[in-house]
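Starting from 1, each residue takes its place in the sequence as its number.
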Amino acid sequence: SLMISKPMLSENEIKALEIIRDLTDESGHIPLYTLEGTLLYGDLKLNTLGVYNLIMSLENKGIIRKVQINDSEYYAV
């Protein structure tokens, strides 16, 4: 039978998770634009496509998910 392991994280994903941990509020949410802006203009220096790909990868691995709170978009961690 096949062994299914936890998804491997890239170096950028690990760095992004550290950033997410720092920015997440006590309820486990981070505003979408805060996360995207921090990834775009912060230490990772990603371009727009890089930010999109990184967020999609974290979503696909079940690490973050997009949620609506009071008509605003957030990521739940």
### Task
Please tell me if the side chains of Leu58 and Glu13 come closer than 4.5 Å, counting only heavy atoms from C-beta onward.
yes

### Query
Can you find a heavy atom in the side chain of Leu54 that is under 4.5 Å from one in the side chain of Leu44?
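When only atoms from C-beta onward are counted, Leu44 and Leu54 do touch, with a gap below 4.5 Å.
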
### Query
Thr24 and His29: which non-hydrogen atoms are nearest, and at how many Å?
CG2-N, 3.4 Å

### Query
Closest approach of Ile30 and Leu35, non-hydrogen atoms and distance?
CD1-CB, 3.8 Å

### Message
Side-chain heavy atoms nearer than 4.5 Å, only ILVMFWY residues, links allowed to pass through others: does that put Tyr74 and Ile64 together?
### Response
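No, Tyr74 and Ile64 fall in different hydrophobic clusters.
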
### Message
Are Ile63 and Ile14 connected into the same hydrophobic cluster when the rule is that any two of I, L, V, M, F, W, Y join if their side-chain heavy atoms are below 4.5 Å apart?
### Response
yes

### Task
Go through the structure and list residues passing salt bridge (charged side-chain N to carboxylate O under 4.0 Å, His left out) with Glu11, not counting sequence neighbours.
Lys15

### Query
Quick one: CD1 on Ile55 to CG on Leu46, what's the gap to the nearest 0.5 Å?
9.0 Å

#### Entry: Rounded distance [0.5 Å steps], CG in Leu9 versus CG in Asn12
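Between Leu9 CG and Asn12 CG, I get 11.0 Å after rounding to 0.5 Å.
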
### Query
Can you check whether Ser27's main-chain N or O pairs, donor with acceptor, with Asp25's side chain at less than 3.5 Å?
yes

### Message
Check whether Lys66 reaches the backbone of Ala76 with its side chain - one donor and one acceptor, N or O, closer than 3.5 Å.
### Response
no

#### Entry: side chain to side chain contact (heavy atoms under 4.5 Å, CB included) between Tyr75 and Leu32, intermediate numbers included
CA-CA 6 Å; Tyr75 285 102; Leu32 178 136; 3.7 Å; yes

### Query
Any side chain to side chain donor-acceptor pair (under 3.5 Å) pairs touching residues 30-50, not counting sequence neighbours?
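Residue pairs with at least one partner in residues 30-50: there are none.
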
